[in-house]
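This report refers to the structure that appears directly beneath it.
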Amino acid sequence: MTAPENAPTPAGLPSEAQVLEALKVVKDPEIPVNVVDLGLIYGVDIQESGLVDITMTLTSVGCPVQDLIRSDAELAVGRLDGVSEVNVEFVWTPPWGPDKMTEDGKRQMRMFGFNV
């Protein structure tokens with residue numbers, strides 16, 4: 001269960017916004033846009049113990065870089081103060097589509113020649 005966006009974060013733990021900002025360094029190597037702007041992050045749950053659960057998807061089932069994206073996400077979020085463990089769970093429902101991308105993500109895709 002994800003806390004409401006404006007809910008206070010327990011002292012010493014990162015906020016959901018900080019976790020999402022950290023995830024912006026994680027890119028799908030096949031698409032030159034970060035996982036946040038691609039719309040791949042479906043949820044962030046920060047436990048008082050320092051465990052951060054991330055629910056995300058990929059652009060396609062069977063993505064060959066799933067393990068790389070998982071480890072990059074774990075490393076990026078694991079660097080935040082107060083984080084003791086990161087768990088990344090991939091889900092396939094709802095399926096990803098270009099409509100999930102942020103406006104910035106769409107702009108980046110257009111810069112690379114994609115029609116979105």
Residues in side-chain hydrogen bond (donor to acceptor under 3.5 Å, both in side chains) with Asp37, at least two apart? Asn34, Thr102, Gln108
Can you hop from Met101 to Phe114 via hydrophobic side chains spaced under 4.5 Å? yes
Working to the nearest 0.5 Å, report the span between CD1 of Ile69 and CD of Glu74. 12.0 Å
Here the pair of heavy atoms bringing Gly50 nearest to Leu13 is CA-CD2, 3.8 Å
Which pairs pass salt bridge (charged side-chain N to carboxylate O under 4.0 Å, His left out) with one or both residues in residues 99-116, sequence neighbours excluded? Glu103-Lys106, Asp104-Arg107
For Gln18 and Ser15, indicate whether the former's side chain and the latter's backbone hold a donor-acceptor pair under 3.5 Å. yes
side-chain contact (heavy atoms from CB on, under 4.5 Å) between Ile31 and Thr59: does it pass, once the steps are laid out? CA-CA 9 Å; Ile31 303 172; Thr59 56; 3.7 Å; yes
Taking the side chain as C-beta and beyond, is there a heavy-atom pair between Val33 and Met109 under 4.5 Å? yes
Is the closest side-chain heavy-atom distance between Val91 and Met56 below 4.5 Å? no
Between Val52 and Val44, does the side-chain contact (heavy atoms from CB on, under 4.5 Å) criterion hold? Intermediate values first, please. CA-CA 7 Å; Val52 178; Val44 172; 4.2 Å; yes
How long is the gap from OH on Tyr42 to CH2 on Trp96, to the nearest 0.5 Å? 9.0 Å
Check Ala76 against Val25 and note the closest heavy-atom contact, atom names and distance. CB-CG2, 3.7 Å
Applying side-chain hydrogen bond (donor to acceptor under 3.5 Å, both in side chains), run through Gln47 and Asp45 and close with a yes or a no. CA-CA 6 Å; Gln47 304 291 325; Asp45 187 23; 2.6 Å; yes
If I compare all heavy atoms of Leu51 with all of Ser84, which pair ends up nearest, and what's the gap? N-OG, 3.7 Å
Working to the nearest 0.5 angstrom, can you tell me the gap between Phe90 CZ and Asp67 CG? 8.0 Å
Thr57 (side chain) donor-acceptor with Leu40 (main chain) under 3.5 angstrom: no
So does Leu58 get a backbone contact from the side chain of Trp92, meaning a donor-acceptor N/O pair under 3.5 Å? no
Side chain to side chain contact (heavy atoms under 4.5 Å, CB included) with Asp72: which residues, sequence neighbours excluded? Val26, Leu68
Write down the atom of Val83, the atom of Gly78, and the distance for their closest heavy-atom approach. CG1-CA, 4.0 Å
Report yes if some heavy atom in the side chain of Glu30 is under 4.5 Å from a heavy atom in the side chain of Cys63; otherwise report no. yes
Please determine whether residues Val116 and Met111 belong to a single hydrophobic cluster, defined as Ile, Leu, Val, Met, Phe, Trp and Tyr linked transitively by side-chain heavy-atom distances below 4.5 Å. no
Would you say that Ile41 contacts Leu20 through its side chain, given a criterion of any heavy-atom pair below 4.5 Å between the two side chains? yes
Derivation of the side-chain contact (heavy atoms from CB on, under 4.5 Å) call for Leu38 and Val36: CA-CA 5 Å; Leu38 276 174; Val36 175; over 6 Å; no
